[in-house]
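These notes are about the structure you will find just below.
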Number of protein chains: 2
Amino acid sequence: MNLLEGTLPKIFPQDHAARLKAKERLEQLVMPYWALAELMDLAVDLAGMTRNPRPEFAGKVIVVMAADHGVTAEKVSKYPGAVTAQMVHSFVRGQAGINLLAAQAGADVIVVDMGVNADLLHLADEGKIINKKVGLGTGNIARGPAMSVAMARRSVESGIEIANLLGPQYDLFGTGDMGIGNTTSSTAIAALCTGGDVAVLTGRGTGLNDVELTHKVSVIRRILEINRPNPKNGLDMLSKVGGFEIGGIAGLILGAAAQGKPVVIDGFIATAGALIAARIEPFIRDYLIFSHRSAEPGHQAMQETLGCRRPLLDLGLRLGEGSGAALAMPLVSSAAALLSRVATFAEAAVSEAGE
Amino acid sequence: MNLLEGTLPKIFPQDHAARLKAKERLEQLVMPYWALAELMDLAVDLAGMTRNPRPEFAGKVIVVMAADHGVTAEKVSKYPGAVTAQMVHSFVRGQAGINLLAAQAGADVIVVDMGVNADLLHLADEGKIINKKVGLGTGNIARGPAMSVAMARRSVESGIEIANLLGPQYDLFGTGDMGIGNTTSSTAIAALCTGGDVAVLTGRGTGLNDVELTHKVSVIRRILEINRPNPKNGLDMLSKVGGFEIGGIAGLILGAAAQGKPVVIDGFIATAGALIAARIEPFIRDYLIFSHRSAEPGHQAMQETLGCRRPLLDLGLRLGEGSGAALAMPLVSSAAALLSRVATFAEAAVSEAGE
């Protein structure tokens with residue numbers, strides 16, 4: 001059996017009994033009823049995901065999936081494609097935003113070459129990145145498909161392999177991405193999955209001006225017309241308008257969900273990966289934690305389509321790299337710790353309401 | 001000279017030169033322009049507050065000010081007044097929400113008895129709390145003033161003393177509160193400072209039902225009619241409708257601002273303290289960081305009256321204790337670290353936009 005087909009049957013909805021036990025304890029904590037509101041909702045979710053009424057997260061990791069995009073030939077980004085590989089080097093040297101933010105969250109950073117258009121084998125040989133290269137960047141999706149269906153499957157299965165590889169060390173995953181041009185792919189996926197208008201969903205990515213934004217909208221419309229992806233088929237969408245890193249993120253989510261581990265979803269690109277994963281296995285939505293609402297206008301519609309709880313942060317972030325996931329991880333840890341490290345009214349001998 | 005009058009001349013607006021230097025560096029970080037958005041805005045503020053373009057926060061503290069309120073005789077809270085002292089014991093034993101959340105943020109918890117209606121001297125003697133007791137709870141503000149003007153001054157000066165005492169150890173302050181009945185005082189202050197309608201501003205506090213909420217609104221209206229506080233005079237408002245812990249928070253803010261140190265403001269009660277402080281010295285607003293938007297309906301209007309940046313979190317919290325401040329502290333640390341621990345494009349040798 002293939003890795004993908006072997007993984008899907010292991011993905012179940014959240015555990016109701018663990019949720020119920022967590023909720024019962026939270027209701028008795030030495031504070032007014034549900035006074036920590038959405039943090040408590042999250043704590044119940046974490047219990048349900050992990051099937052443990054008192055979950056703890058000892059190992060945290062941000063997995064940064066990197067790949068290039070042929071669509072950069074259409075001038076949809078302010079930055080040249082070469083920046084993808086340059087940023088991988090920055091991640092490896094610990095110089096980038098995600099290095100700092102993950103360190104602040106007590107999370108490791110694992111960089112995966114899903115399809116960077118550069119020879120990075122020396123970094124993999126030195127153990128500084130993981131090599132899962134599916135190709136040297138995708139095809140230009142404004143002129144044809146991003147990749148073959150076999151390559152789409154390989155991207156997703158590589159993500160599952162990463163989740164399985166990291167499973168013994170980590171119990172909380174965060175997604176990250178690096179790929180110049182990948183907001184274009186992600187917006188196409190957003191349009192397919194939300195049914196929204198491309199002009200409304202498309203954003204400035206790394207900082208386009210008005211003229212460049214209008215151009216990006218027309219390129220994304222052409223991408224959808226030429227490729228005609230099936231919005232109900234995750235691998236079809238991925239092969240036609242996706243990216244290798246987006247497939248990798250989808251696979252990471254599937255692999256984590258199969259282990260009963262929560263995945264903190266970063267921003268716009270990561271949510272596109274989650275939409276692909278959800279078209280492959282809808283139950284994965286029970287394992288997603290939205291870290292933030294990005295500045296990209298399509299993000300809210302994508303999050304609402306997935307239908308999970310509203311994001312933890314809303315700071316106008318648009319960096320990617322896993323930065324939002326890292327910033328939200330301390331909130332996730334705190335939510336979990338509510339279940340094991342706060343006393344109940346009875347334990348603390350404090351009078352309850354109305355006594 | 002009194003401590004209060006001696007402190008005010010040390011409070012200056014943020015330092016423009018440090019802000020400018022911080023902004024220049026942030027613009028060169030190896031990421032798209034201002035991609036971390038509100039986190040970067042906060043980093044610039046931190047530079048301006050500390051007068052240091054690369055601030056670091058080694059010592060973090062949540063100061064929990066506790067006091068009782070005579071207005072609990074009017075049945076404005078679901079909990080009996082005795083809970084204030086019981087919760088102080090829970091804080092000391094490390095059993096409460098704030099203990100966990102502060103620990104997650106790497107912050108110490110300092111508990112101050114500003115006016116709890118119980119003998120807590122043994123805890124002070126054992127060094128577990130700081131004794132600044134101004135009285136055994138305030139007067140019932142539905143029937144007269146909370147305290148004398150001298151006591152109001154003493155509350156505020158006690159807060160300044162706490163800031164000065166903790167100054168050598170801590171460079172990032174967070175406010176916390178414990179005081180059954182204190183949303184009633186805080187709503188009265190909110191109505192005075194925002195000009196808003198009491199019925200709109202009043203919330204359910206620790207969990208009132210509709211009938212109890214209507215009663216609370218009528219009590220707050222009576223409080224304002226009977227006391228007629230001057231909304232332009234912080235000490236007058238505090239003496240008439242305040243609380244000892246609200247005065248303590250106001251003083252802590254004044255003392256921190258005089259040291260050029262940021263104060264992470266918790267929720268509804270802390271913001272009432274900030275409003276009192278701002279009526280005493282408007283420049284303090286340059287040192288406030290709003291941690292979150294509380295579930296209390298008046299909170300947004302209070303925050304907008306103070307006019308600082310919008311809050312970092314919006315999770316429906318309504319616990320107090322400093323819980324929101326603790327949850328936001330990791331974001332503050334991360335914002336500061338952007339200035340010292342991320343490379344610039346030149347340092348990382350990555351191509352810039354449009355190259």
Side-chain angles (χ1 to χ4, degrees), chain A residues 29-39 41-42 77-80 82-83 86-87 89-90 93-97 99-101 103-105 205-207 295 312-321 323 326-327 329-331 333-334 337-338 341-343 347-355, chain B residues 29-39 41-42 77-80 82-83 86-87 89-90 93-97 99-101 103-105 205-207 295 312-321 323 326-327 329-331 333-334 337-338 341-343 347-355:
Chain A
L29 294 189
V30 60
M31 56 182 69
Y33 181 80
W34 224 252
L36 289 172
E38 293 179 39
L39 204 68
D41 297 337
L42 175 56
S77 175
K78 275 198 104 66
Y79 291 83
V83 166
Q86 290 169 359
M87 287 303 302
H89 283 96
S90 287
R93 287 192 297 257
Q95 294 176 313
N99 300 103
L100 155 72
L101 297 173
Q104 296 273 321
T206 50
L312 294 167
L313 299 170
D314 183 5
L315 300 171
L317 310 178
R318 51 187 183 78
L319 174 57
E321 300 182 5
S323 52
L327 283 166
M329 271 192 174
L331 295 171
S333 297
S334 290
L338 289 180
R341 291 171 55 193
V342 180
E347 289 163 6
V350 167
S351 309
E352 291 192 57
E355 278 189 6
Chain B
L29 294 189
V30 60
M31 58 182 67
Y33 181 81
W34 224 252
L36 288 173
E38 293 179 40
L39 205 68
D41 298 337
L42 174 56
S77 175
K78 276 199 103 65
Y79 291 83
V83 166
Q86 290 170 358
M87 287 303 302
H89 283 96
S90 287
R93 288 192 297 258
Q95 294 177 313
N99 300 103
L100 156 71
L101 297 173
Q104 295 274 321
T206 51
L312 293 167
L313 299 169
D314 182 5
L315 300 171
L317 311 177
R318 51 187 182 78
L319 173 58
E321 300 182 3
S323 52
L327 283 165
M329 272 193 175
L331 295 171
S333 297
S334 290
L338 288 180
R341 290 172 55 192
V342 180
E347 288 162 6
V350 168
S351 309
E352 290 193 57
E355 281 190 4

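Numbers restart at 1 for each chain; the letters A, B, ... are given by sequence-line order, proteins then strands.
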Which answer fits [X], side chain, backbone, both or neither, if we ask what part of it has an atom under 4.5 Å from a heavy atom of chain B?
X: A/Leu313; answer: side chain
X: A/Ala326; answer: neither
X: A/Ser334; answer: both
X: A/Asp41; answer: neither

Could you check which of B/Arg341, B/Glu347, B/Gln104, B/Glu321 has the highest count of heavy-atom pairs closer than 4.5 Å to chain A?
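Max contact count across the listed options: B/Gln104.
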
Determine, stepwise, if the pair A/Gln95 / B/Val342 fulfils side chain to side chain contact (heavy atoms under 4.5 Å, CB included).
CA-CA 5 Å; A/Gln95 294 176 313; B/Val342 180; over 6 Å; no

Once you round to the nearest 0.5 Å, how far does NZ of A/Lys78 lie from OH of B/Tyr33?
12.5 Å

Spatial distance of atom CG (A/Asp314) from atom CG (B/Asp314) [nearest 0.5 Å]
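Interatomic distance, A/Asp314 CG to B/Asp314 CG, rounded to 0.5 Å: 8.5 Å.
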
Hey, mind stepping through A/Val350 and B/Ser90 against side chain to side chain contact (heavy atoms under 4.5 Å, CB included) and telling me if it holds?
CA-CA 8 Å; A/Val350 167; B/Ser90 287; 3.6 Å; yes

Side chains of B/Met87 and A/Met31: closer than 4.5 Å at any heavy-atom pair?
no

Name the region of [X], side chain, backbone, both or neither, that has any atom closer than 4.5 Å to a heavy atom of chain A.
X: B/Ser333; result: both
X: B/Ala103; result: side chain
X: B/Leu312; result: both
X: B/Arg93; result: side chain
X: B/Ala337; result: both

Top contributor to chain B contacts, counting heavy-atom pairs under 4.5 Å, from A/Asn99, A/Leu42, A/Val30:
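Between A/Asn99, A/Leu42, A/Val30, the count favours A/Val30.
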
Indicate the atoms forming the closest heavy-atom contact of A/Pro32 with B/Arg318, along with that distance.
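Answer, listing the atom of A/Pro32 first, then B/Arg318: CB-NH1, 4.1 Å.
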
Please step through side chain to side chain contact (heavy atoms under 4.5 Å, CB included) for the pair A/Leu36 and B/Leu101, ending with a clear verdict.
CA-CA 11 Å; A/Leu36 289 172; B/Leu101 297 173; 4.1 Å; yes

Measure from the side-chain N and O atoms of A/Gln86 to the backbone N and O of B/Ser351, and report whether any donor-acceptor pair falls under 3.5 Å.
yes

